[in-house]
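Chain A is the first sequence line, chain B the second, and so forth, proteins listed ahead of strands; every chain is numbered from 1.
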There are 2 protein chains.
Amino acid sequence: EIKCIDLCKTYVQGDATIKALDHVTLDIEQGSFICLSGPSGSGKTTLLNAIGGLDELDSGEISINDERVDLLSKGPLADLRLHHIGFVFQAYNLIEVLTARENVEFVMQVQGVSAKQRKLKSMAILKEVGLEGMENRRPAQLSGGQQQRVAVARAIVSQPKLVLADEPTANLDSVSAAHLMELFCELNQNHDVTFLIATHDERVMRYAERLIRMQDGKVISDELQINT
Amino acid sequence: EIKCIDLCKTYVQGDATIKALDHVTLDIEQGSFICLSGPSGSGKTTLLNAIGGLDELDSGEISINDERVDLLSKGPLADLRLHHIGFVFQAYNLIEVLTARENVEFVMQVQGVSAKQRKLKSMAILKEVGLEGMENRRPAQLSGGQQQRVAVARAIVSQPKLVLADEPTANLDSVSAAHLMELFCELNQNHDVTFLIATHDERVMRYAERLIRMQDGKVISDELQINT
Ligand SMILES: Nc1ncnc2c1ncn2[C@@H]1O[C@H](COP(=O)(O)OP(=O)(O)OP(=O)(O)O)[C@@H](O)[C@H]1O
Ligand SMILES: Nc1ncnc2c1ncn2[C@@H]1O[C@H](COP(=O)(O)OP(=O)(O)OP(=O)(O)O)[C@@H](O)[C@H]1O
Ligand SMILES: [Mg+2]
Ligand SMILES: [Mg+2]
């Protein structure tokens, strides 16, 4: 479903060369539930951004369902991201002037979903992530963990085929984090949504059927695991 | 050292009333090492902001060394924050156009520290938090966990008497988080710096000599614990 072949991305800073991605090759099947872990700075965000078409590579190929993502032009790429990929950003990237509900409905609006349907779905997902009653608040009126959950709700509300989540539980307590993982599992099991989750959180890693570890831009291990 | 007496802060949203702080009373001695935990939305950030003079209360008193913080006017309050309090923000609040080193030196510059001293201290603290070699990068050129560590470095570089840290390890892997906690402990043990750390991270809570739990704006437990 997702094929990454020999991905390389290097930054040049003064006279230093930083290999953010160093020959990364990966195969991900539809319906997988995968955690991506590794030290701060190991390349997790860079890999998610590359797969999500948000960042260009220096070399290598990325295919989603046999379509070369790295070769797509702006229009088709935006289309792919709009209809097939949900992205939870490490820094949330919420729109400050919109309410929580408007942030969640934003993508559906661009997709042409009716106002009635948008409202049903946004209210339902906000309730699922524990934000019932807060839909009319703007990000600045929400706690850090509440903002994070709005970012998650936005990414999954239209049930994309692929969810790329960058540290989605960083600011959540254990109960909220567990609820979120149950929600992800439900989408994965019942709707065949593929999850690739970058995380430092041990609680999250326990849900993964496969754990990919990175270090210094490389994949240093890639193992199946039995969920507890 | 820090006295909080019956702190109340309420937000009104439409016809809903949110008690962010609901009669919080606390005593914190100089040199304490305290963790503040609780569910997302329980009031941790609101409490830290109140103590740091960043947010006004509806009622209640806050004294730092017998000085009423909640009564200070803008000038003296800014002075207190500049010279005595280091704040690690949940969203880092780094200055995007400044480099990591410039962000760390910013406060010292306002304090009137010489350029030579600023450079010595900023380079040393950046090395301590594992960011050696990255001092000339701007926040956008750093990973999430690297940005978080710049925010920490900035807060502690001038060894303030009180450090208020809002989820300082949220985006860090276990090794980086442990290093940070060792650094905090060293400052606490050898320089008598008081730490009040809001966190969801079990790894962090293990270092606390006292654990304060919040829920719905209230302190629901406040216990000493033996560090492991
Ligand atoms: N401007 C605001 N208007 C309305 N409610 C607010 C506002 N700011 C904060 N709140 C609410 O106050 C409560 C406490 O927020 P606070 O940010 O202190 O929580 P927290 O414990 O830091 O949460 P987290 O762990 O998610 O960071 C939350 O329910 C939050 O939604
Ligand atoms: N614009 C840039 N210029 C230079 N180096 C960069 C730039 N952007 C990222 N990097 C570097 O690339 C490496 C990988 O970064 P990335 O954000 O992918 O790490 P990460 O695994 O997501 O880390 P974290 O867990 O802290 O979020 C890091 O060393 C980072 O400093
Ligand atoms: Mg990252
Ligand atoms: Mg908070």
Side-chain angles (χ1 to χ4, degrees), chain A residues 11-16 18 20 37-46 49 89-92 94 99 129-149 166-167 169-177 179-180 198-203 205 213-215 217, chain B residues 11-18 20 37-46 49 89-92 94 99 129-149 166-167 169-177 179-180 198-203 205 213-215:
Chain A
Y11 291 103
V12 177
Q13 192 76 28
D15 53 341
I18 303 117
S37 74
S40 172
S42 55
K44 305 179 294 297
T45 293
T46 308
N49 285 353
F89 295 92
Q90 192 164 3
Y92 323 150
L94 298 179
T99 65
V129 298
L131 298 180
E132 194 173 19
M134 302 184 206
E135 54 272 7
N136 296 323
R137 295 203 218 159
R138 268 166 282 110
Q141 298 170 318
L142 293 169
S143 77
Q146 289 164 349
Q147 292 175 25
Q148 186 154 40
R149 284 179 277 160
D166 203 345
E167 306 198 28
T169 62
N171 281 287
L172 300 182
D173 56 281
S174 292
V175 172
S176 304
H179 274 149
L180 211 77
T199 188
H200 290 299
D201 198 334
E202 294 287 339
R203 307 167 299 190
M205 291 182 218
R213 291 188 196 278
M214 291 185 74
Q215 190 168 299
Chain B
Y11 292 103
V12 177
Q13 193 76 28
D15 52 341
T17 300
I18 302 117
S37 76
S40 170
S42 55
K44 304 180 295 296
T45 293
T46 308
N49 285 353
F89 295 92
Q90 192 165 4
Y92 322 151
L94 297 179
T99 65
V129 298
L131 297 179
E132 194 173 18
M134 302 186 207
E135 53 272 7
N136 296 324
R137 295 203 217 160
R138 268 166 281 111
Q141 299 169 319
L142 294 168
S143 77
Q146 289 163 350
Q147 292 176 24
Q148 185 152 42
R149 285 179 275 159
D166 203 346
E167 306 199 26
T169 61
N171 282 287
L172 299 182
D173 57 280
S174 292
V175 173
S176 304
H179 274 149
L180 210 77
T199 187
H200 291 299
D201 198 335
E202 293 290 337
R203 306 167 302 191
M205 291 184 218
R213 291 186 196 278
M214 293 186 73
Q215 189 170 298

Query raised in the report: Non-hydrogen atoms of chain B under 4.5 Å away: do they reach the side chain of Gln146(A), the backbone, both or neither?
Result: both

Report task. Heavy-atom distances under 4.5 Å only: say whether Asp166(A) touches chain B with side chain, backbone, both or neither. Result -> neither

**Report entry** Region of Leu142(A) in contact with chain B, defined by heavy-atom distances below 4.5 Å
**Finding:** neither

Query raised in the report: So which part of Thr45(B) gets closer than 4.5 Å to some heavy atom of chain A, the side chain, the backbone, both or neither?
Result: neither

Requested in this report: Not counting sequence neighbours, which residues clear ring-ring contact (aromatic ring centres under 6.0 Å, His included) with Phe89(B)? List them please.
Outcome: Phe87(B)

Query raised in the report: Of all residues at least two apart in sequence or in a different chain, which pass the side-chain contact (heavy atoms from CB on, under 4.5 Å) check with Leu94(B)?
Result: Tyr92(B), Asn103(B), Pro139(B), Gln147(B), Val150(B), Ala151(B), Arg154(B)

Report summary line: Shortest non-hydrogen pair, Asn171(A) vs Glu167(B), comes out as OD1-OE1, 3.0 Å

Report summary line: Taking every heavy atom of Arg203(B) against every heavy atom of His200(A), the minimum-distance pair comes out as NH1-O, 4.4 Å

Report summary line: Under 4.5 Å to a heavy atom of chain B? For Gln148(A) that would be neither

Query raised in the report: With a 4.5 angstrom heavy-atom cut-off, which part of Arg149(A) approaches chain B: side chain, backbone, both or neither?
Result: side chain

Query - Contacting region of Ser40(B) [heavy-atom separation from chain A under 4.5 Å] - result: both

Query raised in the report: How many angstroms lie between atom CD of Gln13(B) and atom CD of Glu135(A), to the nearest 0.5 angstrom?
Result: 10.0 Å

Query - Verdict with reasoning, Ile18(B) to Arg137(A), per side chain to side chain contact (heavy atoms under 4.5 Å, CB included) - result: CA-CA 12 Å; Ile18(B) 302 117; Arg137(A) 295 203 218 159; 3.4 Å; yes

